[in-house]
Amino acid sequence: MGNRIAYKVENNLYINLTNRCTNKCTFCIRTNCKNAYGYDLWLDKEPSVDDVIKAAGDISGYSEIVFCGYGEPTFRLNELIETGKYFKSKNKKVRLNTNGQGNIINNKNIVPMLKDSLTSVSISLNAPTAKRYQELCKSQYNDAFEKIIEFGKYSRVYFETIFSVLDILSKDEIEQCKKIAEKAGVGFRVRKLL
Ligand code: SF4
């Protein structure tokens, strides 16, 4: 069954706001498989604020609410802000998983606008240089890599923020990414490719 707006991963509830993305990552689960975590996340229609709240249902049992899905959540800025506020008002931890390009997508610094909607931000850095980023992630924006690092610096002012990379990178590349995270003042995590 498609059109899955909310889905459970371990003890967290993931929210799927959109299938749109500015990247075409070589490792993206959207292109590599039909299902993510056993759910078909293709949306015929992007959900409204009410749709998300209804799909989430009773959230009392979840550790964390995570905006993730099959696309870049910051494409749906208003829905992200409003539903995040709702989840936070229920005393939940709320995380944004993002490709870090939200400021280019929305043509403004969106980070302060999210301050009442999120508690943490996980940004996919994915590469140690702009050239490698474009090889792996094929952003439609040539300055994406610099903007991602900038997004992390803005984000750490308000939220617990990390840069993440996948374990498909070499040891050397992972080390370089770690240094970029340290320099930007954010945390760092190596994720396993699904
Ligand atoms: S940023 Fe995420 S959703 Fe977008 S193409 Fe890359 S892996 Fe897929």
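Model, not experiment: these values are computed from the prediction. All ligand and atom numbering here is 1-based and tracks the order in the structure.
Of all the atoms in ligand 1, the ones that sit under 4.0 Å from a non-hydrogen atom of N99 are 1 (S).
With distances taken over non-hydrogen atoms, the option nearest atom 5 (S) of ligand 1 out of T26, N23, T18 is N23. For the residues S124, C28, C137, the heavy atom positioned nearest atom 7 (S) of ligand 1 is part of C28.
Using modelled atom types, one finds no donor on one side chain facing an acceptor on the other under 3.5 Å when comparing Q140 with T22.
Put simply, atom 2 (Fe) of ligand 1 has no protein non-hydrogen atoms near it, under 4.0 Å away.
R191 pairs with exactly one of V165, N126, D167 by the side chain to side chain contact (heavy atoms under 4.5 Å, CB included) rule, that one being N126. The salt bridge (Lys or Arg N to Asp or Glu O under 4.0 Å) test with E64 is passed by exactly one of K8, K90, R95: R95. Paired with L114 under the rule side chain to side chain contact (heavy atoms under 4.5 Å, CB included), one option of I110, D116, V111 passes, and it is I110.
Here the side chains of I180 and F188 are not in contact, with every heavy-atom distance at 4.5 Å or above.
Among the backbone and side-chain atoms of C21, an N/O/S atom is found under 2.8 Å from atom 4 (Fe) of ligand 1. Atom 6 (Fe) of ligand 1 lies under 2.8 Å from an N, O or S atom belonging to C25.
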